[in-house]
Protein chains: 2
Amino acid sequence: MLRLTKKADYGLMALKYLAEQAVLAEQAGADLNLSGARSAKDIAEAYHIPPQLLAKILQTLARANLLISHAGTNGGYALARPAADISTFEVIRAIDGPLFITSCITIHGACDLAGHCTIKEPLRKVNDSITTLLSGISVADLIEPADHLPAAMAGGLVNIER
Amino acid sequence: MLRLTKKADYGLMALKYLAEQAVLAEQAGADLNLSGARSAKDIAEAYHIPPQLLAKILQTLARANLLISHAGTNGGYALARPAADISTFEVIRAIDGPLFITSCITIHGACDLAGHCTIKEPLRKVNDSITTLLSGISVADLIEPADHLPAAMAGGLVNIER
DNA sequence: CAATCTACGACCATTTTGGTCTTGCTTCCA
DNA sequence: TGGAAGCAAGACCAAAATGGTCGTAGATTG
């Protein structure tokens, strides 16, 4: 539970890939703003993702202004901004919608049914923390190897089969 | 997305309720270890939750040793430990299973498909943080009003319709 | 104008979630 | 001592979310 959808996963993978391409293009001296553009098909093949599904995801991201698209031969998608300026939070929210840890935190801010869920206020804190955390991780952070990450995460807190 | 299931919600509500009953029973001077026991039906009625569904959830929690059950007339469920010693993390995991933010962090620790998800390592950090956060919030924390919570959470970070 | 690519919406399959029903066993108490 | 109250457990079904496909239309380039 409490997992990202595959779509969000795919989206993050694709952005990571495009970020890498942008770096390569920059190194090669390209100066167009579409540098590093790749087609949905290329990315799908690179990661063995269903191409049509990825296409839809990329369209979503383009609509959210995280990617810029270019139709036609040799068209494709490229990052709309530097990878360091795109947070994983934006990506996930664009694809999966807003994330609420409790089903009863609505847009109205309050619970729809009177005295039912008095519980949730402390959990809001968790919700906000997740938001903050994800906001602090950019697409650029995804491309580097995990070496420098804090040792804290090495411990197996999370395991055990369902 | 990234939301708790209703089952987990219900479970937390029920535990909160039982924690409150335990406090009341203690104040009344009861000294049995089953103090504050309530039937699944009672709790379900208090929160307008489908009784049979709640029953199943409570059974799950009992199996996880978070509750102790007592059959027979005037039987029911009570907290197996003081509310302050039951973390929301335990509850959620007992009901929803282990929580992995990415679909590809498996028990084996690595991704099942070779080069597919190089992305996820930074997200593990998020995963661990959520775990830590939830572990730090006990059922006892759920019963008090939200007054003392940090003002940080007041801001509407989380909203916007899907 | 043909090939390549995005854009978009309808559609279907699978999985997960939420919820119900049935049967059986335990405990209490009148 | 037997029935009412309650838990235990598993089969089962319905609804919703997710994952994935298809077809068509419009942009772009060579």
Side-chain angles (χ1 to χ4, degrees), chain A residues 1-11 13-14 18 32 34 37-45 47-78 80 92 95-100 102-104 116 162, chain B residues 1-11 13-14 18 32 34 37-45 47-78 80 92 95-100 102-104 116 162:
Chain A
M1 272 311 79
L2 200 63
R3 66 183 200 290
L4 248 46
T5 61
K6 275 191 187 178
K7 287 184 189 176
D9 264 6
Y10 292 160
M13 286 193 241
L18 289 172
L32 5 149
L34 272 172
R38 293 290 158 143
S39 74
K41 184 162 148 282
D42 286 351
I43 305 173
E45 275 169 10
Y47 291 110
H48 304 99
I49 298 173
Q52 316 217 55
L53 180 54
L54 183 63
K56 270 208 322 197
I57 295 167
L58 294 178
Q59 283 164 31
T60 305
L61 292 174
R63 238 176 290 135
N65 298 314
L66 298 177
L67 292 179
I68 44 182
S69 64
H70 201 226
T73 313
N74 288 325
Y77 296 91
I92 294 169
I95 298 175
D96 280 351
L99 42 86
F100 299 128
T102 54
S103 17
C104 102
H116 294 199
R162 177 162 188 170
Chain B
M1 273 310 82
L2 200 62
R3 67 183 199 291
L4 248 47
T5 61
K6 275 192 186 177
K7 286 184 192 177
D9 264 6
Y10 293 161
M13 287 192 241
L18 290 172
L32 4 149
L34 272 173
R38 294 288 157 146
S39 74
K41 185 163 147 283
D42 287 350
I43 305 174
E45 276 169 9
Y47 290 109
H48 304 99
I49 299 173
Q52 315 217 57
L53 180 54
L54 184 63
K56 271 208 320 195
I57 295 167
L58 293 178
Q59 282 165 31
T60 305
L61 292 173
R63 239 177 288 134
N65 298 314
L66 298 177
L67 292 180
I68 46 182
S69 64
H70 201 227
T73 313
N74 287 326
Y77 296 92
I92 294 169
I95 298 174
D96 281 350
L99 42 87
F100 299 128
T102 53
S103 18
C104 105
H116 293 199
R162 176 160 187 171

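Note that the coordinates shown come from a computational prediction; the quantities given were computed from them, not determined experimentally.
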Distance (rounded to the nearest 0.5 Å) between Y77(B) OH and I57(B) CD1: 10.5 Å
Length of the line joining I68(B):CD1 and dA8(D):P, which is rounded to integer Å: 11 Å
Nearest-nucleotide pick for A62(A), side chain only, options being dC8(C), dT26(C), dA7(C): dA7(C)
Separation of dT17(C) P from K6(B) NZ (nearest whole Å): 13 Å
Donor/acceptor link under 3.5 angstrom from K41(B) side chain onto base of dG6(D): no
Minimum-distance nucleotide to H70(B) side chain [options: dT27(C), dT29(D), dG20(D)]: dT27(C)
Phosphate-side-chain proximity, R63(B) and dC7(D), N/O vs OP1/OP2 below 4.0 Å: no
Short side-chain N/O contact to dA8(D) OP1/OP2 from S69(B), under 4.0 Å: yes
Heavy-atom closest pair, residues I95(B) and G11(B): CD1-CA, 3.8 Å
Atom-pair distance (CD on Q52(A); C1' on dT21(D)), nearest Å: 6 Å
Integer-rounded Å distance: dT20(C) C1' and Q59(B) CD: 14 Å
Contact summary for A55(A) and A40(A), nearest pair of heavy atoms: CA-CB, 4.1 Å
Spacing between H48(B) atom NE2 and dG19(C) atom P, to the nearest angstrom: 15 Å
Position toward the 5' end of DNA chain D (nearest nucleotide), A71(A) or K56(A): K56(A)
Interatomic distance, L58(B) CG vs dC7(D) P [rounded to whole Å]: 8 Å
Sugar-phosphate, base or nothing in reach of A40(B), heavy atoms under 4.0 Å: sugar-phosphate
Nearest-nucleotide 5' precedence on DNA chain D, G72(B) against A8(A): G72(B)
Nearest listed nucleotide, side chain of L53(B), among dT6(C), dG19(C), dT26(C): dG19(C)
From NZ (K6(A)) to CG (L53(A)), nearest 0.5 Å: 9.5 Å
Listed nucleotide nearest any side-chain atom of T5(A), set dA8(D), dT26(C), dT18(D): dT18(D)
Whole-Å distance separating the CD atom of E45(B) from the C1' atom of dG6(D): 14 Å
CD1 on I43(B) to CG on L18(B), rounded to 0.5 Å: 4.0 Å
OP1 or OP2 of dC5(C) under 4.0 Å from side-chain N/O of Y77(A): no
Out of dG18(C), dT29(D), dA7(C), whichever nucleotide has its closest atom nearest the side chain of K7(B): dG18(C)
Distance in angstrom units between D42(A) CG and dT4(C) P, rounded: 12 Å
